[in-house]
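Report on the structure given below.
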Amino acid sequence: MNLDSTEIAQFIVDVASDKLAEDIVMLDLKKITSFADYFVIMSALSSRQIEGLEEDITEALKGAEIHRFNREGTHDSGWVLLDFSDVIVHIFGPEEREFFGLERLWSGASEVVRIL
């Protein structure tokens, strides 16, 4: 499967939605940075859900022959970053998401999708 970055980001949004992530946001970064095309940001209510979302997203993308380049954070810390090159996924606990405020920090990015 040969997907472009927009299709990969939308695929991640779909998987996250199917797996009951909360407040999913897809931000288009193409006009404001060169290191990634999209951020997909989502919330999970527990460290167990963060872990499950990480596993489900990684496995779904692996099935589409899209491999993860890097991973940062821990489930117990309330934040995990998954780097799929042009698409970076952030899975947060609710408090950590508020604290880091990526939507505020990247307010120049266009919001493509928001699923509450």
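Quantities reported herein were computed from a predicted structural model and do not represent experimental measurements.
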Any [X] side-chain heavy atom under 4.5 Å of [Y] side chain:
| X | Y | answer |
| --- | --- | --- |
| Thr58 | Phe84 | yes |
| Glu111 | Leu27 | yes |
| Val89 | Met42 | yes |

Out of curiosity, [X] [atom1] to [Y] [atom2], how far, rounded to the nearest 0.5 Å?
| X | Y | atom1 | atom2 | result |
| --- | --- | --- | --- | --- |
| Ile41 | Met26 | CD1 | CE | 11.5 Å |
| Ile57 | Lys62 | CD1 | NZ | 14.0 Å |
| Leu81 | Asn70 | CG | CG | 7.0 Å |
| Ser47 | Ile91 | OG | CD1 | 12.5 Å |
| His67 | Ser85 | NE2 | OG | 12.5 Å |
| Glu96 | His90 | CD | NE2 | 14.0 Å |

Side-chain donor/acceptor of Glu22 to backbone N/O of Pro94, under 3.5 Å =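 Between the backbone of Pro94 and the side chain of Glu22 there is no qualifying donor-acceptor contact (under 3.5 Å).
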Ignoring hydrogens and angles, tell me if any N or O in the side chain of Glu98 forms a donor-acceptor pair with the backbone of Glu95 under 3.5 Å.
->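 Answer holds: no.
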Please name all residues satisfying ring pair (Phe, Tyr, Trp, His ring centres under 6.0 Å) with Phe11, sequence neighbours left out, ordered by chain then number.
->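 Checked Phe11 against ring pair (Phe, Tyr, Trp, His ring centres under 6.0 Å); zero matches.
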For Phe35, which residues count as a ring pair (Phe, Tyr, Trp, His ring centres under 6.0 Å) partner, sequence neighbours excluded?
->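 With sequence neighbours excluded, Phe35 shows a ring pair (Phe, Tyr, Trp, His ring centres under 6.0 Å) to Trp106, given in chain and number order.
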Determine whether [X] and [Y] fall in the same hydrophobic cluster, where Ile, Leu, Val, Met, Phe, Trp and Tyr are linked whenever their side-chain heavy atoms lie under 4.5 Å apart.
| X | Y | value |
| --- | --- | --- |
| Val13 | Ile50 | yes |
| Phe99 | Leu102 | yes |
| Phe100 | Leu105 | yes |
| Val112 | Ile8 | yes |
| Val80 | Ile66 | yes |

Where [X] and [Y] come nearest, the two heavy atoms and their spacing:
| X | Y | answer |
| --- | --- | --- |
| Val40 | Ala9 | CG2-O, 3.9 Å |
| Ile88 | Ala36 | CD1-CB, 3.9 Å |
| Ile32 | Ala109 | CD1-N, 3.5 Å |

With Ile24, the side-chain contact (heavy atoms from CB on, under 4.5 Å) member among Val113, Ile115, Asp14, Ile12 =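 Only one option passes, and that is Ile115.
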Kindly write out the residues that satisfy side-chain hydrogen bond (donor to acceptor under 3.5 Å, both in side chains) with [X], not counting sequence neighbours, or none if the list is empty.
| X | value |
| --- | --- |
| Ser77 | Thr74 |
| Asp56 | none |
| Thr6 | Tyr38 |

Please determine, by modelled atom types, if Ser5 and Asp86 share a side-chain donor-acceptor pair under 3.5 angstrom.
->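 Judged by distance alone, the side chains do not pair up.
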With sequence neighbours excluded, residues passing salt bridge (charged side-chain N to carboxylate O under 4.0 Å, His left out) with Glu103 =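 With sequence neighbours excluded, Glu103 shows a salt bridge (charged side-chain N to carboxylate O under 4.0 Å, His left out) to Arg97, Arg114, given in chain and number order.
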Atom CZ of Arg48 with >12 non-hydrogen neighbours under 6.0 angstrom =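 Open: at most 12 neighbouring heavy atoms sit under 6.0 Å from CZ of Arg48.
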Any ion pair linking Arg68 and Glu54 (charged N to carboxylate O, less than 4.0 Å)?
->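 A salt bridge links Glu54 with Arg68.
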